[in-house]
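Atom set for the values below is all heavy atoms of this structure, side chains included, hydrogens, waters and symmetry mates excluded. Quick note on labels: first sequence line is chain A, next is B, and so on, each numbered from 1.
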2 protein chains.
Amino acid sequence: MKRRNTKSKTEILEILKSSSNSALSHEMLQEKLNSNIDRATIYRVLNRFCDDGWVHRIVGDDGKQYFALCLNCGEKKGEHNHNHFHFRCLQCGTVECLENEIDIPLPKGYMAKSINGLISGYCNNCS
Amino acid sequence: MKRRNTKSKTEILEILKSSSNSALSHEMLQEKLNSNIDRATIYRVLNRFCDDGWVHRIVGDDGKQYFALCLNCGEKKGEHNHNHFHFRCLQCGTVECLENEIDIPLPKGYMAKSINGLISGYCNNCS
DNA sequence: TTGTTAATGCGACTTTGTTGCAATAAAGCA
DNA sequence: TGCTTTATTGCAACAAAGTCGCATTAACAA
Ligand SMILES: [Mn+2]
Ligand SMILES: [Mn+2]
Ligand SMILES: [Zn+2]
Ligand SMILES: [Zn+2]
């Protein structure tokens, strides 16, 4: 199943690029869209991006999913890990990728598959 | 508004105590219940526990809320912080509190209100 | 025992995200 | 360019999680 370049895919990717370092929810994305792309399509495009490793998904403490381009996702080491924290501002809603890498020592016999670290509070602009 | 001791409150608290160190979702709780407590009531009881500081809420990367008694929530320092990671097993569904305390250095001007750290993977029994 | 009101049950509702299916349109090829 | 294949879309339906309004019940204090 080879991927195709569609208008939706292109436009959504553009938006993600232009809002670099901050992750967008489906809703935020839809507001920024020019065309009227269906909700289900947006989700499907985003999920495909995640599957292909272009984007990583953050689950907020508000229960919503946020999506961000993979920029500093452990490329330094040659691998691709989303082991950084995120910050969600309770005032303006922005979700940002933080720099710090997470390295939590797990108990014996535990195997990590994915990490979702999120701090919420007030960002630089809102505090 | 003074809290009252009801059958629901007592029973839910018992269950949380008996499954110490592992957090329960609303669904898990309902399965363990003897009486038929309404879904909305369960949520309301749990939210009250959270408000009163007996319980802390974890938002899983599955988007669900999990609730755990506050046992090792920073009492050592006299304060009450839920700054520890949690582990969710993709196989058996268990959500556990990990020991390690988190201390993420935030950028200047940022203020943390709450931390939600979750690692998912396979637990000791399932890996 | 009685009065006050916190807590419950029930139903309706919202939001988030997924899925089935028919219609559309990329991309590869004649 | 026109044709074929099938990935992608739009739309509707659906599921699950969580909240809320309101009438009823029951905790608890007087
Ligand atoms: Mn990130
Ligand atoms: Mn915990
Ligand atoms: Zn902000
Ligand atoms: Zn397990």
When you check the side-chain N and O atoms of A:S114 and B:S120, is any donor under 3.5 Å from an acceptor? yes

I'd like to know if A:R4 reaches the base of C:dG28 with its side chain, counting only an N/O donor and acceptor under 3.5 Å. no

Hey, quick one: are A:F85 and A:L71 part of the same hydrophobic cluster, counting side-chain heavy atoms closer than 4.5 Å, chains of contacts allowed? no

In whole angstroms, the gap separating C1' of C:dG17 from CG of A:L29 amounts to 15 Å

- prompt: For B:H84 and B:H86, what are the C-alpha separation, side-chain angles and deciding distance, and is it a side chain to side chain contact (heavy atoms under 4.5 Å, CB included)?
  reply: CA-CA 7 Å; B:H84 53 270; B:H86 299 88; 3.1 Å; yes

So, with a heavy-atom separation below 4.0 Å from DNA chain C, the residues of residues 48-56 of chain B are B:R48

note: A:Q30, atom CD; C:dG17, atom C1'; distance rounded to Å ~ 13 Å

With heavy atoms under 4.0 Å as the rule, sort A:R3 into base, sugar-phosphate or nothing.
-> sugar-phosphate

Would you classify A:S8 as touching base, sugar-phosphate or nothing, given that sugar-phosphate means primed atoms plus P, OP1 and OP2, and contacts are heavy atoms under 4.0 Å? sugar-phosphate

Minimal heavy-atom distance between A:I42 and A:L33, with the atoms involved, is CD1-CD1, 3.7 Å

Between A:Y122 and A:C89 the two heavy atoms that sit nearest each other are CA-SG, 4.0 Å

ask   = Is it the case that B:T41 and B:S8 place a side-chain donor and acceptor less than 3.5 Å from each other?
value = no

In terms of side-chain heavy atoms, does A:S25 have a donor or acceptor partner in A:Q65 at a distance below 3.5 Å? no

DNA chain D: first to last nucleotide in contact with chain B (atom under 4.0 angstrom from a heavy atom), 5' to 3', is D:dA17 to D:dC28

What contact category does B:N47 fall into here, base, sugar-phosphate, or nothing, at under 4.0 angstrom with non-hydrogen atoms? sugar-phosphate

Taking the six-membered ring for Trp, are A:H56 and A:F67 ring centroids under 6.0 Å apart? no

Contact check, residues 34-41 of chain A vs DNA chain C, heavy-atom distance under 4.0 Å, returns A:R39, A:A40

The residue among A:N124, A:N21, A:I58, A:I119 that forms side chain to side chain contact (heavy atoms under 4.5 Å, CB included) with A:E96 is A:N21

Rounded to whole Å, CG of B:N5 lies from C1' of C:dA6 at a distance of 12 Å

When B:K2 and B:Q65 are each assigned the nearest nucleotide of DNA chain D, the 5'-most assignment goes to B:Q65

Requested in this report: May I ask you to check whether B:R57 and B:N116 show a side-chain donor-acceptor distance below 3.5 Å?
Outcome: no

Please examine the side chains of B:I104 and B:I102, heavy atoms only from C-beta on, and report whether any two atoms are closer than 4.5 Å. yes

Taken to the nearest whole Å, CG/B:D62 to P/C:dT16 is 17 Å

Check your understanding: Does A:Y43 put a side-chain nitrogen or oxygen below 4.0 Å from OP1 or OP2 of C:dG17?
Key -> yes

Rounded to whole Å, CD1 of B:I42 lies from P of C:dA7 at a distance of 16 Å

